[in-house]
Amino acid sequence: MDKKELEQKVDEILDRGILVEFLPTKEEFRNKLLAGEKLRFYIGADPTAKALHLGHAQNLMVLEDFRRLGHEVIFLIGDFTGMIGDPSDKSSARVKQTRAEVEANFSAWKDQVKNILDFEDKENPVLIKYNSEWLGKLNFGDVLELASNFTVQQMLERDMFEKRMNEGRPIYIHEFMYPLMQGYDSVAMDVDVEMCGTDQIFNALAGRTLMQKMKNKDKFIIAAKLIADEKTGMLMSKSNGTGVFLDLDANNLFGAIMSQPDGMIKPLAIGCTRISLSEIEKLMQLENPRDAKLKLAWEIVKIYHGKERADEAREYFINTFSKKELPDEVAEEKATEGEEMLNFIVRAGFASSKGEARRKIEQGGVSIDGQKISDIKQTLTKDLFNGKILKVGKKNFIKIVF
RNA sequence: GGGUCGGUGGCAGAGCGGUCAAUUGCAUCAGACUGUAAAUCUGACGACUUCGGUCUACGGCGGUUCAAAUCCGUCCCGGCCCA
């Protein structure tokens, strides 16, 4: 690849706007990339979650871009750091996980992101490392040595800690160790670039400091913006009800994207698809944001489940929710003669208790072949219900069979 | 070590002897509406129920009382201040 082509590709990545913070500077990072040297990138992930979400996906897609440019990419599983829990989020101590649990989670992740990150490339696959490999070997003396590179005041600068101090909420000693550990990861792997979300910059900076002190090397930090609603600034997260996990099947993934607020369309299109910027602009001009969202949902589903599934999921969504038709294929659940409807709804997994099932019926959320039912004492009999479609709420369908 | 405040439903956080299965917000669920599973509005939101109730729950254990999330004792856990 000649110089011009390289420059164009590098700028394409940088101009997309996903990366918003560069340390020491964007200019220096760009020059480093243009120098043509093979660099070692890494990103870390906490293995406590069973599924990755679209925020991870965004960051991994950027790394894949760098991998395609010939750089080395390490996907670090923070199995050791995961034992502490990143103080960035509110929870403090976490449950210690066994290696087997960590590996089980990771193999699920790998399955979720195998279409955006190439683990199988013959020449330059994405490498996987576990930080217990080195962190687990440090002894107390090593830890003291590491800790002596930082002051309590430096740690307290972290906005999170500062906030907790002001609010009189606890900060545990071991939480101070988190940035140290994450920092040591950089040293142990001898990386050139760490990628993270903007909420992780503090931790990444600890690594930069350690790299300078221990290896006399200038590590770059590139930070991606967190996916947030353009209008309200609300982050995509589970507690806001907008988190989208990658282990969803095609239909549910499609639906989860359709239920995003409109302000999320553009950030998601930029961060989580490969649609070109100019095409995204066109999409944003569409009169009905729903159509832009349909396209977005299709593009994202396509990445994880393929084109065919994406088409099906779109059709399913339109039929089921826009036109309120029945889906083509409905799962079946066996009923027994004389079984209570309430009981059946619970067994089908549409309510967690009979009380909840009762409530759904009372609120008009349950229907049989389109006929709302109102009798909570309804029982199922073969001659009346065999083969009928039970609908609970908007999205749950099941065929009653005997 | 001393003092002091606190531990409540998925989370945050009220209640401080009966009217408490416990106000409210977030999350969740159902309905209406819509451009969508957006937004907004309405309702629900411990379990079981013959729909009258029954049971289990406000850190653990024990007590006072006709009656305790609420009072007392004790234990466990935590915050803050002082040392």
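Owing to the predicted nature of the structure, the values given are computational and were not obtained by experimental measurement. Computation of the quantities below employed the complete heavy-atom set of this structure, encompassing side-chain atoms and omitting hydrogens, waters and symmetry-equivalent molecules.
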Using the closest heavy atom to pick a nucleotide of RNA chain B for each, name whichever of L342(A) or V366(A) lands nearer the 5' end. V366(A)
Which comes earlier along RNA chain B counting from the 5' end, the contact point of K377(A) or that of F317(A), where each point is its nearest nucleotide? F317(A)
Quote, to the nearest angstrom, the [atom1] distance that separates [N] from [M].
| N | M | atom1 | answer |
| --- | --- | --- | --- |
| A67(B) | C29(B) | P | 43 Å |
| A27(B) | G9(B) | C1' | 13 Å |
| C41(B) | G79(B) | C1' | 41 Å |
| U50(B) | U40(B) | P | 38 Å |
| G59(B) | A69(B) | C1' | 12 Å |
| U4(B) | A83(B) | C1' | 15 Å |
| A21(B) | A68(B) | C1' | 15 Å |
| G1(B) | U65(B) | C1' | 38 Å |

Do D79(A) and K129(A) meet the salt-bridge criterion of a basic N to acidic O distance under 4.0 Å? no
Salt bridge present between E333(A) and K399(A) (N-O < 4.0 angstrom): no
Have a look at M61(A) and tell me which of I303(A), L117(A), T273(A), V113(A) forms a side-chain contact (heavy atoms from CB on, under 4.5 Å) with it. I303(A)
Measure from [atom1] on [X] to [atom2] on [N] and round the result to the nearest Å.
| X | N | atom1 | atom2 | answer |
| --- | --- | --- | --- | --- |
| D375(A) | U50(B) | CG | P | 12 Å |
| N319(A) | U36(B) | CG | P | 13 Å |
| I361(A) | U49(B) | CD1 | C1' | 15 Å |
| N396(A) | C29(B) | CG | P | 10 Å |
| R358(A) | G46(B) | CZ | P | 13 Å |
| K360(A) | G43(B) | NZ | P | 19 Å |
| Q363(A) | U28(B) | CD | P | 16 Å |
| N240(A) | A12(B) | CG | C1' | 14 Å |

Please verify the inter-ring angle class for F41(A) with H71(A); under 30° counts as parallel, over 60° as perpendicular, anything in between as tilted. tilted
Below 4.0 angstrom, which residues in residues 280-298 of chain A have at least one non-hydrogen atom near RNA chain B? N288(A), P289(A), R290(A), K293(A)
Which nucleotide, if any, forms a Watson-Crick or G-U wobble pair with [N], using both distances under 3.5 Å?
| N | result |
| --- | --- |
| C26(B) | G10(B) |
| C80(B) | G3(B) |
| C71(B) | G63(B) |
| G46(B) | C55(B) |
| A39(B) | none |

Give a yes or no on whether K9(A) atom NZ has more than 12 heavy-atom contacts from other residues, nucleotides or ligands under 6.0 Å away. no
Under 4.0 Å from OP1 or OP2 of U34(B): is there any side-chain N or O of K394(A) that close? no
Report yes if at least one side-chain N or O of S353(A) is closer than 4.0 Å to OP1 or OP2 of G46(B); otherwise report no. no
Within the 4.0 Å heavy-atom criterion, would you say K372(A) contacts the bases, only the backbone, or no part of the nucleic acid? sugar-phosphate
Check every strand shown and say whether G255(A) touches a base, only sugar-phosphate, or nothing at a heavy-atom separation below 4.0 Å. base
Which of R358(A), K377(A), K354(A) passes salt bridge (charged side-chain N to carboxylate O under 4.0 Å, His left out) with E340(A)? It is K354(A)
Salt bridge (charged side-chain N to carboxylate O under 4.0 Å, His left out), paired with D118(A), selected from R68(A), R67(A), K110(A): R67(A)
Could you tell me if E72(A) and N124(A) have a donor-acceptor pair between their side chains, going purely by distance under 3.5 Å? no
Is there side-chain contact between L235(A) and I227(A), with at least one heavy-atom pair below 4.5 Å? no
